[in-house]
Each structure stands twice: as structure tokens, then as C-alpha cells.
Asker: 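Sending over a structure as C-alpha cells; questions will come in a sec.
In the text below, chain A, chain B and the rest are named by the order of the sequence lines, each starting its count at 1. Values reported hereafter were calculated over all heavy atoms of this structure, with side chains retained and with hydrogens, waters and symmetry mates removed.
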Amino acid sequence: MPRLIMHVDLDAFYAAVEQRDRPEWRGRPVVVGAAPGGRGVVATCSYEARRYGVHSAMPIAVAARRLPPETVYVRPDMARYARVSREIMTVLQTLSPVVEPVSIDEAYLDCTGLQRLIGPPEAIGRRAKAVIREAVGLTASVGLGPNRLIAKLASDSHKPDGLTVVPAGQVQAFLDPMPLAVLRGVGVKTAPRLERLGLHSVGDIRRLPLETLRRQLGARAGTAVHQQARGIADDRVYPARERQSISKETTFGTDVTDPEVLRETLRWAAQEVGYVARQEGRAGSVVTLKVRLHPFETHTRSGTLRAATADDRMLFRTAWALLQAEHWLGRRAVRLIGVGLSGWHSEPEQGDLFADSGVIPEGSDADRLHETLDAIRDKFGKGMIQRGMARPPS
DNA sequence: TCTGGGGTCCTAGGACCC
DNA sequence: TCTGGGGTCCTAGGACCC
């Protein structure tokens, strides 16, 4: 039986929440993101701001130059947006129990079989928009189609406050004229590459042999793009996806060379990551250090611990040790620094979670730290000994 | 114009094991 | 003394997405 998938996308979500809560900002350009004088980008902006050519991910300095003086600039209030998001996801479950939040402002719903209860796809889409408006007073753009790709492109095709249904029989006509960058996995790097080959629309991609695409994009991506161009995509909705990593990073207002500043920032990031991990009852064994140098050069270093942890100090010491092992770093200016945690237990064990951040189980912490340091020394120390190797090369 | 912060997934190479 | 092939794990980097 063909499935009916719905994609729901809140319009200019952060900016819309701000305008909802501050009526005096309605009708004015609102930019949620970095401070206009500083480093950073636009996270979201209201439709009034978009009229000036401003959009998400645009450097704030560029946006500020384009926007009029009455523009409102606000820092994101993620906690508030998350609360609104939870309300929306909850109310969507009154339509279908199979709701997959894909981000704070988007969700997929499996609406297969809902026609008998609600009516045609248009009626289901109208119902979704209505329950969101009644619950939180915001508008959403909604798309319905036979799979995730088509539902997503349908919701993208009419914004804001849109409702678009693409029946299975019209998928190819809908897709063919679209620019190839609408396909998932085709972004700022891949699109120009394909365009240099004379390909511009999804239809152009569709007429290409599978082997050509696999050669150009790699086996996996090539196959995926070949399928998508034919309207073939995943038609399942995953209501309980588990997160794979937790991370915290920050970009400095001006680049940093002072090791003390790097150290204290890393300590802060480790505390943030540890806190979230403990809140979620997770412990991970892979600690990742992320460093962005001037001008815009990003490096990651990761280490696998013997046992999973959610302890702030363990995370900090591991990340700090990874940083110190990078002798080439020297005094180079650091733009961004951060910490990540991943590699969850396959079977979470209560005893391995340091539920209280202030207490480290006796003995184990020092042991784990030494494991870490040994591993790092092995990896980066004299002779470049790879961890796990029986003995150094002679 | 100068590039946030939170993520996911894929690739490729080296080590290791059988 | 020279050296296959498959599978898996680990790490770094990169593309992409919202």
C-alpha cells in the first residue's frame, strides 16, 4: 500500500516566536542570531527581513548592512523555542501517533490510513496547520506526498503558510524542473560540480546513467541521487530516533592564543556536555576535541576511553590532553574550541553513569585518565607509535 | 561578505585479526 | 622469507542539513 507522508515546517520559527511574544515587533524585520557588530550569522529572520535579501546562515555583518535601522536584532533563546517545539510535537500526535521531529522546527508524520478518519490529504494538511495555530499561534508550511523527499519538497514549494499535496502520479512532473540542489546530499560543493557537467535540473540528473553518477559522487551518494531523481526515497517515519552525540563549542569574539583561556573554555564546554549527558542518562567512550584555527581551518581529535563516562572532569582532562598533544598547534590563533561525546554503551549500566558530577567512583577515574594519557602518548609521542601496536618499530 | 552551533552520515586509510 | 583476502575497529576530514 502506498504511504502518505507529511512534512511540517514552521515558518521562520525563531523569529516567529519572538514576534508572537513581542507584538511591537510584528511587521518589522526581526533577525535572530549573532549581535550585529560581532562574529556570527543569521540563525533565522522574519519575512520582513527576507525582503532585503537576508537569509539564514548569512554573516551578520552582511545582513546588518542590508537591513533598515528599525530592524530588531535578538540573541536566540533556545530554551523558549524548545518549549514551543515540544508543544507543537505533542499536538501533532493528536493527528498521527507516528511523529518524527527532525529538528526544532520540522517533523515528519506518517499519515497512511488517516484518509478514512480525516479525509483527503488536503484535509489532513489543513488539520495539521489548524492544530498548530490553535496550540501555539504560529503558522507552518505543510507538504504531503508518497515519501519523505516529496513531502519535504512539497512543503518547501509554498512558504510561508503553504499547503501542497503531490500525488504519486505527479511526482515526476513535480520533480523534473527543479534545480538539482533540492536533492538531499547535493549542496554547495556537489551542485557546482554537476553543473559543470551541464546538469541543471532534476530531470537532467534523471537522464544520466547510474554508473556516471556513481563515478562522479561515489557509490553510495551516486545511487541515492539516481533514485531521488526518480522520486524514489525513504517512506518511513522514525518516531524514536536516538541521538548519536552531544557537543558544545564556541567561537571567540577575537582569536585566542592564551592557553589559559583555551583551558577554561574547554573546561566550560566539558561541563556543559557532561551535564546534558547526565540529564539524558548517557555515558560515552569517545571524546572529541574540535579546534578551528585562523583563518578558518578546522581540526578534530578524538580518543576512545576504556569505559564510558559522563563526568565533567574526565571529559575536560581528555580533551585537554588531546589539545596538548598537538605540538604543531604552537601559538596559532584559535577561533573556535569545543568538546563532543559519543560512542554510547550498547547496554547502559547504572553503575557507569556518574550521576553526581561531584563524585568520581574510587580508583576508576585515575585509571581511566592514565589509560587516556597512555593512549595519547602512544599515538603522538616519539616514534609515532600507533595505539594497539605490540611494540614500537625498531 | 566572511563565514554559529547543533547535529548526521560517508569515505578512506591504517592497524589488527583470522 | 615473503606476503592474500575479508572483516572490523578506530580516526580525521568533509559534505550536508536545520
Side-chain angles (χ1 to χ4, degrees), chain A residues 7-10 12-14 31-35 38-44 53-66 75-76 78 81-82 85 101-108 148-149 152 155-156 181-193 217-225 234 238 241-253 255 269 272-273 276 285-292 294-305 322 325-326 335-343 375-376 378-380 384-391 393:
Chain A
H7 182 251
V8 176
D9 192 344
L10 275 291
F13 183 53
Y14 302 170
V31 173
V32 183
R39 272 180 170 176
V41 298
V42 175
T44 320
V54 172
H55 54 80
S56 297
M58 175 181 272
I60 197 75
V62 180
R65 232 170 285 133
R66 295 190 183 190
R75 245 40 69 234
M78 295 312 296
Y81 310 150
S85 179
V102 285
S103 72
I104 198 164
D105 66 344
E106 274 184 48
Y108 287 100
R148 299 166 69 100
L149 174 73
K152 162 90 168 140
S155 74
D156 284 345
V182 303
L183 300 180
R184 293 197 77 80
V186 181
V188 288
K189 300 283 179 181
T190 307
R193 267 186 61 203
L217 308 178
R220 199 146 188 145
T223 304
V225 164
D234 196 352
Y238 307 89
R241 261 199 197 172
E242 197 192 5
R243 75 145 98 201
Q244 303 296 313
S245 65
I246 300 169
S247 64
K248 192 77 190 180
E249 65 188 46
T250 188
T251 296
F252 297 112
D255 297 344
E272 296 284 318
V273 168
V276 173
S285 57
V286 179
V287 178
T288 302
L289 166 76
K290 180 171 172 180
V291 178
R292 178 127 67 207
H294 178 83
F296 204 75
E297 186 186 310
T298 309
H299 297 275
T300 60
R301 289 293 179 271
S302 61
T304 303
L305 304 175
L322 287 166
E326 296 302 318
R335 180 188 174 94
L336 166 153
I337 197 160
V339 178
L341 183 64
S342 57
I376 291 160
D378 280 353
K379 185 154 182 235
F380 299 102
M384 294 296 285
I385 305 157
Q386 281 287 340
R387 188 152 46 88
M389 188 179 269
R391 54 175 57 84

Asker: What is the distance, to the nearest angstrom, from the CG atom on Leu183(A) to the C1' atom on dC17(C)?
Answerer: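 In whole Å, dC17(C) C1' lies 14 Å from Leu183(A) CG.
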Asker: According to the Watson-Crick and G-U wobble definition with distances under 3.5 Å, which dot-bracket string, read 5' to 3', encodes DNA chain C, using [ ] for crossing pairs and | for pairs with another strand?
Answerer: ....||||||||||||||
Asker: Any side-chain N or O of Ser103(A) under 4.0 Å from OP1/OP2 of dC17(C)?
Answerer: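 For dC17(C), neither OP1 nor OP2 has a side-chain N or O of Ser103(A) closer than 4.0 Å.
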Asker: Side-chain N or O of Lys189(A) versus OP1/OP2 of dC16(C): is the shortest distance under 4.0 Å?
Answerer: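 For Lys189(A), the contact criterion (side-chain N or O under 4.0 Å from OP1 or OP2 of dC16(C)) is not met.
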Asker: Select base, sugar-phosphate, or nothing to describe what Ile104(A) touches, counting heavy atoms under 4.0 Å on all strands.
Answerer: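 It contacts nothing in the nucleic acid.
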Asker: Nearest whole angstrom, please: distance from the P of dG6(B) to the OH of Tyr14(A).
Answerer: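 It is 11 Å, rounded to the nearest whole Å.
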Asker: Just how far, in rounded Å, is P of dG7(B) from CD of Glu242(A)?
Answerer: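 For the pair Glu242(A) CD and dG7(B) P, the rounded distance is 13 Å.
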Asker: Please confirm whether the shortest side-chain N or O distance from Ser245(A) to OP1 or OP2 of dT8(B) is below 4.0 Å.
Answerer: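 For Ser245(A), the contact criterion (side-chain N or O under 4.0 Å from OP1 or OP2 of dT8(B)) is met.
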Asker: Is there a side-chain contact between Arg184(A) and the phosphate of dC18(C), meaning an N or O under 4.0 Å from OP1 or OP2?
Answerer: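 True: Arg184(A) side-chain N/O within range (under 4.0 Å) of dC18(C) OP1/OP2.
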Asker: Atom CD of Glu272(A) and atom P of dG7(B): how far apart are they, to the nearest Å?
Answerer: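 Rounding to the nearest Å, CD of Glu272(A) and P of dG7(B) are 12 Å apart.
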Asker: Under 4.0 Å from OP1 or OP2 of dG4(B): is there any side-chain N or O of Arg335(A) that close?
Answerer: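 For dG4(B), OP1/OP2 do have a side-chain N/O of Arg335(A) under 4.0 Å.
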Asker: So, does Lys152(A) get its side chain near the phosphate of dC17(C), meaning an N or O under 4.0 Å from OP1 or OP2?
Answerer: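 No, Lys152(A) has no side-chain N/O under 4.0 Å of OP1/OP2 on dC17(C).
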Asker: Scan residues 55-63 of chain A against DNA chain C and write down, sorted by residue number, each residue with any heavy atom closer than 4.0 Å; if none is found, say none.
Answerer: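 DNA chain C contact set from residues 55-63 of chain A: none.
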Asker: Could you list the residues that satisfy side chain to side chain donor-acceptor pair (under 3.5 Å) with Thr250(A), not counting sequence neighbours?
Answerer: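 Side chain to side chain donor-acceptor pair (under 3.5 Å) check on Thr250(A) returns nothing, list empty.
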Asker: Ring-on-base stacking between Phe296(A) and dT3(B), under 5.5 Å between centres and under 30° between planes: is it there?
Answerer: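 Stack criterion met.
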Asker: Write down the protein N/O and nucleotide N/O pairs, taken from nucleotides 10-12 of chain B, whose separation is under 3.5 Å; answer none if there are no such pairs.
Answerer:
| from | atom 1 | to | atom 2 | distance (Å) |
| --- | --- | --- | --- | --- |
| dC10(B) | OP1 | Arg220(A) | NE | 3.2 |

Asker: Using side chain to side chain contact (heavy atoms under 4.5 Å, CB included) as the criterion, list what pairs up with Ala35(A), not counting sequence neighbours.
Answerer: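 If we apply the side chain to side chain contact (heavy atoms under 4.5 Å, CB included) test to Ala35(A), skipping adjacent residues, the hits are Arg75(A).
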Asker: What nucleic acid atoms does Leu10(A) come within less than 4.0 Å of, heavy atoms only: base, sugar-phosphate, or nothing?
Answerer: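 No contact at all - Leu10(A) keeps every heavy atom at 4.0 Å or more from the nucleic acid.
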Asker: Under the side chain to side chain donor-acceptor pair (under 3.5 Å) rule, collect the residues that match up with Lys152(A), sequence neighbours excluded.
Answerer: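 Lys152(A): no side chain to side chain donor-acceptor pair (under 3.5 Å) contacts found.
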Asker: I'd like to check the salt bridge (charged side-chain N to carboxylate O under 4.0 Å, His left out) partners of Arg148(A); sequence neighbours left out, ordered by chain and number.
Answerer: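 Applying salt bridge (charged side-chain N to carboxylate O under 4.0 Å, His left out) to Arg148(A) gives Glu100(A).
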Asker: Without decimals, in angstroms, what is the distance between Glu249(A) CD and dT3(B) P?
Answerer: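 Going from Glu249(A) (CD) to dT3(B) (P), I get 15 Å.
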Asker: Checking Arg220(A) now: which residues fulfil salt bridge (charged side-chain N to carboxylate O under 4.0 Å, His left out) with it, not counting sequence neighbours?
Answerer: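 Arg220(A) satisfies salt bridge (charged side-chain N to carboxylate O under 4.0 Å, His left out) with no residue once adjacent residues are dropped.
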Asker: Which value, in whole Å, describes the distance between the P atoms of nucleotides dC18(C) and dC2(B)?
Answerer: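 Looking at atom P only, dC18(C) and dC2(B) are 26 Å apart.
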Asker: Which residues satisfy the side chain to side chain donor-acceptor pair (under 3.5 Å) test with His294(A), sequence neighbours excluded?
Answerer: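 Result, side chain to side chain donor-acceptor pair (under 3.5 Å) vs His294(A): Asp255(A).
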Asker: Using a cut-off of less than 4.0 Å, is there contact between a side-chain N or O of Arg292(A) and OP1 or OP2 of dG4(B)?
Answerer: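 Yes.
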Asker: Which residues satisfy the salt bridge (charged side-chain N to carboxylate O under 4.0 Å, His left out) test with Asp234(A), sequence neighbours excluded?
Answerer: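 Salt bridge (charged side-chain N to carboxylate O under 4.0 Å, His left out) check on Asp234(A) returns Arg236(A).
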Asker: Does any part of the side chain of Lys248(A), heavy atoms only, come nearer than 4.5 Å to the side chain of Val339(A), both counted from C-beta?
Answerer: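 Side-chain contact under 4.5 Å: no.
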Asker: For atom C1', what is the distance between dC17(C) and dT1(B), given to the nearest Å?
Answerer: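 The same atom, C1', in both gives a distance of 22 Å.
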Asker: Please work out if Val186(A) contacts a base, only the sugar-phosphate, or nothing of the nucleic acid, heavy-atom cut-off 4.0 Å.
Answerer: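 Contact class for Val186(A): sugar-phosphate only.
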Asker: Among residues at least two apart in sequence or on other chains, which ones pass salt bridge (charged side-chain N to carboxylate O under 4.0 Å, His left out) with Glu272(A)?
Answerer: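 Salt bridge (charged side-chain N to carboxylate O under 4.0 Å, His left out) check on Glu272(A) returns nothing, list empty.
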Asker: Just by distance, do the side chain of Gln244(A) and the backbone of Glu242(A) share a donor-acceptor pair under 3.5 Å?
Answerer: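 Yes, because the side chain of Gln244(A) sits within donor-acceptor range (under 3.5 Å) of the backbone of Glu242(A).
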Asker: Please give, in whole Å, the distance from dT8(B) C1' to Ile246(A) CD1?
Answerer: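 From Ile246(A) CD1 to dT8(B) C1': 15 Å.
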Asker: Do Arg39(A) side-chain atoms and Phe252(A) backbone N/O form a donor-acceptor pair below 3.5 Å?
Answerer: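 Indeed, once roles are kept as given, a pair shorter than 3.5 Å links the two residues.
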Asker: Look at Arg241(A) and dT8(B) and indicate whether a side-chain polar atom (N or O) is within less than 4.0 Å of OP1 or OP2.
Answerer: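 Checking dT8(B) against Arg241(A), no side-chain N or O comes under 4.0 Å of OP1 or OP2.
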Asker: Side chain of Thr190(A) only, please: which of dG5(B), dA15(C), dC2(B) is the nearest?
Answerer: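 When the side chain of Thr190(A) is considered, dA15(C) is the closest of dG5(B), dA15(C), dC2(B).
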Asker: Does Val286(A) reach a base, just sugar-phosphate, or nothing at all? Heavy atoms under 4.0 Å.
Answerer: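 Result for Val286(A) = nothing.
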Asker: Just how far, in rounded Å, is C1' of dG13(C) from CG of Leu322(A)?
Answerer: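 Value for this atom pair: 16 Å.
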Asker: I'd like to check the side chain to side chain donor-acceptor pair (under 3.5 Å) partners of Thr300(A); sequence neighbours left out, ordered by chain and number.
Answerer: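 Partners of Thr300(A) under the side chain to side chain donor-acceptor pair (under 3.5 Å) test: none.
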Asker: If every non-hydrogen atom of Gly222(A) is compared with every non-hydrogen atom of Leu217(A), which pair is closest and at what distance?
Answerer: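 For Gly222(A) versus Leu217(A), the nearest heavy atoms are N-CB, 3.9 Å.
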